[in-house]
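What you see is a predicted model, and the numbers here were worked out from it, not measured in a lab. Proteins come first, then strands; the chains are lettered A, B, ... in the order of their sequence lines, and each starts at number 1.
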2 protein chains.
Amino acid sequence: MQHESTPPPGPRTRRTEGTRVHGRAERVVSAVLAATHEELGRVGYGALRIEDVAARSGVNKTTIYRRWPTKSELVAASLRAANEEQEAVDTGTLRGDLLAVVMRSVRLCQTPTGRGIVRMLQMERADPEVEAISRALRDRRQQRNTAMLERGITRGELPADVNLELIHDLIFGGIFTRLIQRGEDVSEDYAAAAIDTVLAGARAGAARLPR
Amino acid sequence: MQHESTPPPGPRTRRTEGTRVHGRAERVVSAVLAATHEELGRVGYGALRIEDVAARSGVNKTTIYRRWPTKSELVAASLRAANEEQEAVDTGTLRGDLLAVVMRSVRLCQTPTGRGIVRMLQMERADPEVEAISRALRDRRQQRNTAMLERGITRGELPADVNLELIHDLIFGGIFTRLIQRGEDVSEDYAAAAIDTVLAGARAGAARLPR
């Protein structure tokens, strides 16, 4: 990694404050990705300008271009980073893990930046770059969630022959259609009842597909 | 209703062939709505031209404008008509009704016109007219599905205190996120397992919300 710019000013960055373990290069990366994330929520993909990311992060444009040669790479990296921050959920139960992951995403979708990004992913879907970024994010999230469901099978919380894709589609598709497509609120009680319904149906042996 | 144009040529119309009960005015209406539906699937909303609907239906433009003064009204009427054609599902069981409604929509989404319309509803969502049409359709469909679920409660197939919105979100949100957002196939076995999982969870008492 080669960076030449100054570290970003404090208030705009997310991960730099109070950390001493990160080097300067890492601080630059996280400042640029955080600024990209905020700009994306503010103006969307089509209107996002590297100049504005540079101004917001305090990192100069050539440094940004050196690491992320295209806007599409920069935006993909920024959304991936925001997603990775969410990796470590392990409450000890499948129900707890599902509820934690769902509610964290629900809350994220309800911040101004989150709302802007959700809107961008929907409204600019006709742009093939946005579609590709969106698909990669979705695949990444589905992998993480599938691993979570597999831990539930290992712990005996789900029958071993359950169809994991089906469980995933019902819980995440059901809740996020409500939140994102229909724009309705998802309370923690609502999310918990959705998860409990699907898990109870799966435990009753219904979530199998004939081979 | 005042119409002055000639009836549409047979092969383009959907509901006129073999019927003697419909009057000429009704034949004109259904020809125009069918032609609008096909044009919508072919070119989307923004690019749809009343001229092309007129040519396809054999009904002249002034007749079309007299009944539907704006493109938005014409398109809304066309999608509503295609939706109403689907009203009468009553298999005698909730599971049967749900499976019939879901699979009919799945098949519709897989025809060239259906695929085009789904694509239009997604890609042109930034257009407030498309968004309003889409919302009205969704509300209409949700009403119909809720009535179906209520019949299931009446017949004792679901607990009386079940949350119907939750059941609806899980089944329809789950299945159509898979089909439409992710572009993956939904087989009849898959849809049946999804419906069975949610109904079994609801029967186990999980699909309730605290008051």
Side-chain angles (χ1 to χ4, degrees), chain A residues 44 46 95 119-128 130-131 134-135 138-139 142 158 162-163 165-211, chain B residues 44 46 95 119-128 130-131 134-135 138-139 142 158 162-163 165-211:
Chain A
R95 180 187 194 269
R119 194 180 153 77
M120 175 284 284
L121 290 173
Q122 290 191 305
M123 295 305 182
E124 299 186 57
R125 223 186 134 165
D127 181 334
V130 170
E131 177 61 21
S134 174
R135 180 170 297 272
R138 220 160 42 215
D139 289 350
Q142 181 156 2
L158 279 178
V162 86
N163 187 293
E165 243 182 284
L166 176 61
I167 302 292
H168 185 271
D169 287 348
L170 288 172
I171 294 177
F172 291 91
I175 292 175
F176 289 97
T177 295
R178 176 183 181 82
L179 184 75
I180 293 174
Q181 302 289 316
R182 305 223 319 277
E184 299 202 32
D185 189 44
V186 172
S187 66
E188 183 146 358
D189 282 340
Y190 194 91
I195 292 166
D196 287 340
T197 301
V198 177
L199 293 185
R203 280 186 211 115
R208 290 192 198 110
L209 285 182
R211 297 171 192 277
Chain B
R95 180 187 193 270
R119 194 180 154 77
M120 177 282 285
L121 290 173
Q122 291 191 305
M123 296 304 182
E124 298 187 57
R125 225 186 131 164
D127 181 334
V130 170
E131 177 60 21
S134 174
R135 180 170 297 271
R138 219 160 43 214
D139 290 348
Q142 182 156 1
L158 280 178
V162 86
N163 188 293
E165 244 181 284
L166 176 61
I167 302 292
H168 185 271
D169 287 348
L170 288 172
I171 294 176
F172 291 90
I175 292 174
F176 289 97
T177 295
R178 177 183 178 83
L179 185 74
I180 293 173
Q181 302 289 315
R182 304 224 321 275
E184 298 202 32
D185 189 44
V186 172
S187 66
E188 183 147 357
D189 282 339
Y190 194 91
I195 291 166
D196 287 340
T197 301
V198 176
L199 294 183
R203 279 186 212 116
R208 291 190 197 112
L209 285 184
R211 298 172 191 275

Q: Please report the interatomic distance CG(B/Asp169) to OG1(A/Thr197), rounded to the nearest 0.5 Å.
A: 11.0 Å
Q: With chain A, which of B/Arg119, B/Gln142, B/Glu124 has the greatest number of heavy-atom pairs at distances under 4.5 Å?
A: B/Gln142
Q: Tell me, for B/Arg135 versus chain A, whether the close heavy atoms (under 4.5 Å) come from the side chain, the backbone, both or neither.
A: side chain
Q: Find the one option among B/Ile195, B/Leu166, B/Asp127 whose heavy-atom pairs under 4.5 Å with chain A are most numerous.
A: B/Leu166
Q: Can you tell me how far apart OG1 (B/Thr177) and CZ (A/Phe172) are? Round to the nearest 0.5 Å.
A: 12.0 Å
Q: What residue, out of B/Asn163, B/Ile171, B/Asp189, B/Asp139, has the most heavy-atom pairs lying under 4.5 Å from chain A?
A: B/Asp189
Q: Where on A/Glu165 is there a heavy atom nearer than 4.5 Å to chain B: the side chain, the backbone, both, or neither?
A: both
Q: Distance check, rounded to the nearest 0.5 Å: A/Arg182 atom CZ versus B/His168 atom NE2?
A: 7.0 Å
Q: Does any backbone or side-chain atom of A/Arg203 lie under 4.5 Å from a heavy atom of chain B? Answer side chain, backbone, both or neither.
A: neither
Q: So which of A/Ala207, A/Ala202, A/Ala194 has the largest heavy-atom pair count under 4.5 angstrom toward chain B?
A: A/Ala194
Q: Which atoms form the tightest heavy-atom contact between A/Ala193 and B/Arg208, and what is the distance?
A: CB-O, 3.5 Å
Q: Given a strict heavy-atom distance threshold of 4.5 Å, which part of B/Ile180 is in contact with chain A: side chain, backbone, both, or neither?
A: backbone
Q: Measure distances from A/Ala204 to the heavy atoms of chain B and classify the residue's part below 4.5 Å as side chain, backbone, both or neither.
A: side chain
Q: Side chain, backbone, both or neither: which part of A/Arg125 has a non-hydrogen atom closer than 4.5 Å to chain B?
A: both
Q: Heavy-atom distance under 4.5 Å to chain A: side chain of B/Leu209, backbone, both or neither?
A: side chain
Q: Of the backbone (N, CA, C, O) and the side chain (C-beta and beyond), which part of B/Gln181 lies under 4.5 Å from a heavy atom of chain A, both, or neither?
A: both
